[in-house]
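A short write-up of the structure that comes next.
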Amino acid sequence: MCIIIKYIKIKMTDLERKRFLAKIARLYYLEGLTQQTIANKLNISRTKVSRCLTRAKKEKIVEIKINYPPEDFSSMEYQIENKYGINECIIVDDLENDEAIIRSMGDRLNNILERILEDGSYIGIGWGHSLRELSKYINILDKNNIRVVPMIGGLGKTGTGVHTNSVAKSIADRVRGISYMIHSPAVMDSREVKEIIEKDSNVKEIMDMSGKIDTALIGISDLGHDSTLIKTGSFTPEDFEYLKGLGVVGDVNLIFIDSEGKHVPNRIDERIVRIPLEKLKQIKNVIGVAFGKRKLVIILAALRGRIINILFTDKETAKDIIKAE
């Protein structure tokens, strides 16, 4: 029997549901995964997988051949998921500007969060321009008691909206949840100051919460001259040249990594307040958001190092990820 997945051109509200049914059908019928494996991969129950497969047949998503509409990137998403062993890749179309791309990502992120979050879930928040913009489009209203926790000290000014606490509060407001604040900058003047700050009751409480985080939303930054890190004033071009000399290609939540996604020890680390890489990797769902030519090397590093397991990117970046060795 030949089984294929048919995508039907329908209104946007139903398109996300159809995509999800098709994803489960593909994993089960074409890839041969068990229902329990699919349930574990997508953070749902085995019963829900069974129901989705039944619904996929009833709605004629499972038919004789695969007909993907032009705007669907399921094939590319699957290639990246399979190549790097991540749970999910979400690709959006290349639009007229970065704001439009991030808005499109926001629509898809809402569907992911509605699926993986439960009442009382803890969301860990990184820092960055993309996260600030993405937070404007998060809209989850059917979950209760969501707690939003910064995973790094403050970068940027609180009044700009880019600051870690500002991003956390913005997301908490949009999910009707509770946000926590970290009363510490991310980068200290010295190791001694960092050690003192980490003993502060507020900072210790926030860092201890990292063990409760089940979903993390992080930005991925390169070391180019246009990096937002330079604009915060916490780093200088000389700092970046020093890190590049060590083989650093960028950072994930201010964890500096090489092209294979391995943490690179450096003298700046001892001044940074953030959860370490080993704790970040223990979080069940780590969602990375990045796109654009200058981000390609650091995206690949985060994938190779298995630091993230859900990737949001755009079509052109996805093509480069697939072509990369």
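No hydrogens, no waters, no symmetry mates; every other heavy atom, side chains included, goes into these values.
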Flag the pair R108 and E88 as a salt bridge only when some basic side-chain nitrogen lies within less than 4.0 angstrom of an acidic carboxylate oxygen. no
If we count only N and O atoms by modelled type, under 3.5 Å, do the side chains of D314 and T317 hold a donor and an acceptor together? yes
Indicate yes or no: does D200 engage K204 in a salt bridge with an N to O separation below 4.0 Å. no
Using a strict cut-off of less than 4.0 Å between a Lys/Arg side-chain nitrogen and an Asp/Glu carboxylate oxygen, indicate whether K281 and E278 qualify as a salt bridge. no
Reference residue I171; test side chain to side chain contact (heavy atoms under 4.5 Å, CB included); the match among I140, L113, L217: L217
K143 with D119: basic N within carboxylate O range, under 4.0 Å: no
Are R274 and D251 close enough for a salt bridge, meaning some N to O gap below 4.0 Å? no
Give me the one residue out of V273, I182, I275 that meets side chain to side chain contact (heavy atoms under 4.5 Å, CB included) with P150. I182
Is the shortest side-chain N to carboxylate O distance from R103 to E133 below 4.0 Å? no
E59 and R17 ion-paired at < 4.0 Å: yes
Report yes or no: do N87 and N285 form a side-chain donor-acceptor pair below 3.5 Å? no
Does K212 use its side chain to pair, donor to acceptor, with the backbone of I123 at less than 3.5 Å? no
Can you tell me how far the CD1 atom of I146 sits from the CD atom of E118, to the nearest 0.5 Å? 9.0 Å
Would you mind checking if K199 and E195 are paired as a salt bridge, meaning a charged N to carboxylate O distance below 4.0 Å? no
Can D222 and R294 be counted as an ion pair, charged N to O under 4.0 angstrom? yes
Approximate separation, where rounding is to 0.5 Å, of F312 CZ and L109 CG: 4.5 Å
Check whether R147 reaches the backbone of S179 with its side chain - one donor and one acceptor, N or O, closer than 3.5 Å. no
Can you name the residues that form a side chain to side chain contact (heavy atoms under 4.5 Å, CB included) with S45, not counting sequence neighbours? T47, K48
Between the CD1 atom in I86 and the CD1 atom in I307, the distance rounded to the nearest 0.5 Å is 13.0 Å
For the pair E31 and R26, find out whether any cationic side-chain nitrogen is under 4.0 Å from an anionic carboxylate oxygen. yes
According to the interplanar angle, ranging from 0 to 90°, do the rings of F240 and F235 count as parallel (below 30°), tilted (30 to 60°) or perpendicular (above 60°)? tilted
Do R271 and D189 meet the salt-bridge criterion of a basic N to acidic O distance under 4.0 Å? no
